[in-house]
Amino acid sequence: MEEKKFNQIGVSFKGSGSYVPDQILTNQKISKKVDTSDEWIKSRTGISERRISSLGDNVTDMGYKAALNAIEKANWDVNTIDLIVLATSTPHDLFGSAPSIQAKLGASNAVAFDLTAACSGFLFALITASQFLKGGNFKRAVVIGADQLSSFVDWNDRRSCILFGDGAGALAIEATNEFDNFIGFNMRTDGERGSFLNLPFKNDRDSIIDNIDFLRGGFSPIQMNGQEVYKFAVKEVPIILKKLLKETNYSSERVDWLVLHQANQRILDSVGDKLKIPREKILSNLEKYGNTSAGTIPLMIDEAIKNNKIKQNDIIATSGFGAGLSWGAALIKWG
Ligand code: COA
């Protein structure tokens, strides 16, 4: 890496982008596959439909399109991008998909790598990239959240298959020495409770040659204890957000938008209630997309900007949570 140091103190949010596949899987269609109903799914989760990737919609394709969108909004020359971080648990290449996105973008000066933290992935990637910018190493970064969980869902398991969909979002962020719109963050992990939500390695034993075994690569479908994950989310997310607001000296009244990982409408409402944030400030689009894992937060932010909800200088409290178990929160000012 070329040695360069900038005199900078803060992060500025310059653009957003998103992409979802065209294929729509409605609750009605799922109920032809497993024993469920639109009414059950809608009332327990708030989800009506989700998008499903087909050829040409893998994580690299989706991430690229979302990133290009965000870069265009920021009005950047791709050669000025220093860093690309792709949050994903479902890379198109296990060695990493970010380099393919870098190549597709033609962002040849950017270093690009993947980061895995499931549904907390985008938030953790945003925090990671922000620290690089604040540290003075990089000036411009694109943070992408993209996942294709449809490839790893057990489509015969009605307890989990109803929740997930595919999609991607991205934010373009820039270092500045004039102000800091990345106000604060907090991150947590509890591996002890990791078994509540897994996408585990299959452990298929095979033999290379006499007496030398190996484990053939592959993953089992998503395994989830829905009730435990629900309890975890409605307990821990309000705690971490309250802590962050306290540490940054922000009251919840000052929050313009609550942008939570889009897992379940009941989780969103419960967290909002605990923080005394009114429903109209809680952004939600899970009705259309379900849980797109690392994709949800930037997808939601991009949609809210397009719909003229999030505006320049609005305060956004955001939280990602999920497998790991991992969770985190960030307080940002848009612009
Ligand atoms: N359709 C119809 N019935 C279903 C069903 C479905 N899709 N899924 C489960 N059920 C049944 C169960 O079999 C159970 O029946 P029983 O009482 O006869 O055994 C009943 O509904 C209640 O199941 P339960 O698991 O208690 O439902 P729930 O109210 O907890 O809702 C979730 C299930 C998955 C919607 C909910 O637990 C949840 O959203 N958890 C969080 C999951 C999550 O967000 N994961 C990702 C985090 S990043």
Side-chain angles (χ1 to χ4, degrees), residues 25-50 87-90 116-125 145-167 169 187-191 193-200 221-238 240-241 259-272 282 284-287 289-300 318-329:
L25 179 63
T26 60
N27 290 347
Q28 283 87 353
K29 284 185 186 158
I30 288 197
S31 60
K32 291 186 180 144
K33 173 84 179 153
V34 291
D35 183 13
T36 188
S37 65
D38 178 48
E39 200 280 324
W40 194 96
I41 302 172
K42 201 76 200 291
S43 62
R44 300 277 174 136
T45 70
I47 299 166
S48 292
E49 57 189 46
R50 66 288 291 143
T88 187
S89 305
T90 52
T116 301
C119 296
S120 305
F122 179 78
L123 194 82
F124 283 19
D147 263 311
Q148 188 185 336
L149 283 184
S150 63
S151 302
F152 298 94
V153 161
D154 178 352
W155 288 106
N156 294 310
D157 178 6
R158 69 174 184 172
R159 292 164 305 143
S160 60
C161 75
I162 54 158
L163 297 175
F164 301 105
D166 302 333
M187 300 159 92
R188 293 287 310 274
T189 299
D190 180 3
R193 290 188 277 172
S195 62
F196 292 162
L197 186 53
N198 295 111
L199 206 174
I222 292 172
Q223 297 165 8
M224 184 184 75
N225 182 332
Q227 287 191 5
E228 289 297 343
V229 174
Y230 188 93
K231 282 192 267 175
F232 145 73
V234 297
K235 179 171 178 233
E236 301 290 1
V237 176
I240 201 163
L241 278 164
V259 181
L260 301 179
H261 166 54
Q262 305 281 299
N264 181 319
Q265 189 62 45
R266 290 190 296 145
I267 295 177
L268 270 55
D269 293 343
S270 165
V271 173
I282 305 172
S284 171
N285 62 5
L286 53 75
E287 183 180 8
Y289 306 125
N291 178 346
T292 58
S293 189
T296 65
I297 291 175
L299 192 56
M300 188 64 255
T318 179
S319 175
F321 53 90
L325 297 178
S326 61
W327 64 106

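Just so we're clear, the structure is a prediction, and the values are computed from it rather than from any experiment. Here, residue 1 is the first one in the sequence, and each next residue gets the next number. Counting convention: from 1, in listed order, for ligands and their atoms alike.
Within the listing of ligand 1, atoms 8 (N), 9 (C), 34 (C) sit less than 4.0 angstrom from a heavy atom of Arg159. Atom numbering of ligand 1 starts at 1 in the shown order; those under 4.0 Å from a heavy atom of Phe321 are 48 (S). Atoms of ligand 1 found under 4.0 Å from any heavy atom of Cys119 (numbered from 1 in listed order, with element): 48 (S). Every atom of ligand 1 with a heavy atom of Arg44 under 4.0 Å away is listed here by number and element: 22 (C), 27 (O), 28 (P), 29 (O). Contact atoms of ligand 1 toward Asn264: 38 (C), 39 (O) (distance under 4.0 Å to a heavy atom of the residue). Shown in contact with Ile162 at under 4.0 Å from a heavy atom are these atoms of ligand 1, numbered in order with element: 7 (N).
With no hydrogens or angles considered, no side-chain donor-acceptor pair links Thr292 and Gln262 at under 3.5 Å. Looking only at atom types and distance, the side chain of Thr45 has no donor-acceptor partner in the side chain of Asn264 under 3.5 Å away. A donor-acceptor contact under 3.5 angstrom links the side chains of Gln148 and Ser151, judged on distance only. Judged by distance alone, the side chains of Ser48 and Asn27 never bring a donor and an acceptor atom under 3.5 Å apart.
Counting heavy atoms closer than 4.0 Å to ligand 1, residue Thr36 contributes atoms from both its backbone and its side chain. Under 4.0 Å from ligand 1, the heavy atoms of Trp40 that appear belong solely to its side chain. Residue Asn291 touches ligand 1 through its side chain alone, judged by heavy-atom distances below 4.0 Å. At a heavy-atom distance under 4.0 Å, only side-chain atoms of Thr45, from C-beta outward, approach ligand 1.
Between Asp35 and ligand 1 there is a heavy-atom distance shorter than 4.0 Å.
Taking a distance limit of 4.0 Å, we find that atom 20 (C) of ligand 1 is approached by no protein heavy atom. Inside a 4.0 Å radius of atom 6 (C) of ligand 1 there is at least one protein heavy atom. Note that atom 14 (C) of ligand 1 has no protein non-hydrogen atoms nearby, at separations under 4.0 angstrom. For atom 39 (O) of ligand 1, the nearest protein heavy atom lies under 4.0 Å away. Distance check on atom 48 (S) of ligand 1: some protein heavy atom falls below the 4.0 Å cut-off. In this structure, atom 27 (O) of ligand 1 is in close contact with the protein, since a protein heavy atom lies within 4.0 Å of it.
Geometrically, ligand 1 and His261 share no nitrogen or oxygen pair separated by less than 3.5 Å. By the 3.5 Å distance cut-off applied to N or O atoms, Ile267 is not counted among the residues near ligand 1. For ligand 1, none of its N or O atoms has an N or O atom of Ser37 under 3.5 Å away.
For atom 36 (C) of ligand 1, the candidate residues are Gly324, Gly322, Gly226; the nearest heavy-atom contact is made by Gly226.
Each of Ser319, Ser326, Ser293 was scored for a side chain to side chain donor-acceptor pair (under 3.5 Å) with Ser120, with one residue passing: Ser326.
Closest approach of Leu197 to Gly322, counting heavy atoms only: CD2-C, 4.4 Å. Across all their heavy atoms, Leu163 and Ala263 have their closest contact at CD2-O, 4.4 Å. Closest approach of Gly169 to Pro298, counting heavy atoms only: C-CB, 3.4 Å. For the pair Gly328 and Ile240, the tightest heavy-atom approach, listed with the atom from each and the gap, is CA-CD1, 3.8 Å.
In this structure, Asp190 pairs ionically with Arg193, as a charged nitrogen and a carboxylate oxygen lie closer than 4.0 Å. Using a 4.0 Å cut-off between a side-chain N of Lys or Arg and a carboxylate O of Asp or Glu, Lys42 and Glu287 qualify as a salt bridge.
Thr318 places a side-chain N or O within 3.5 Å of a backbone atom of Val259 that can act as its donor or acceptor partner.
In terms of protein heavy-atom proximity, atom 45 (N) of ligand 1 is nearest to Met224 SD, 3.3 Å.
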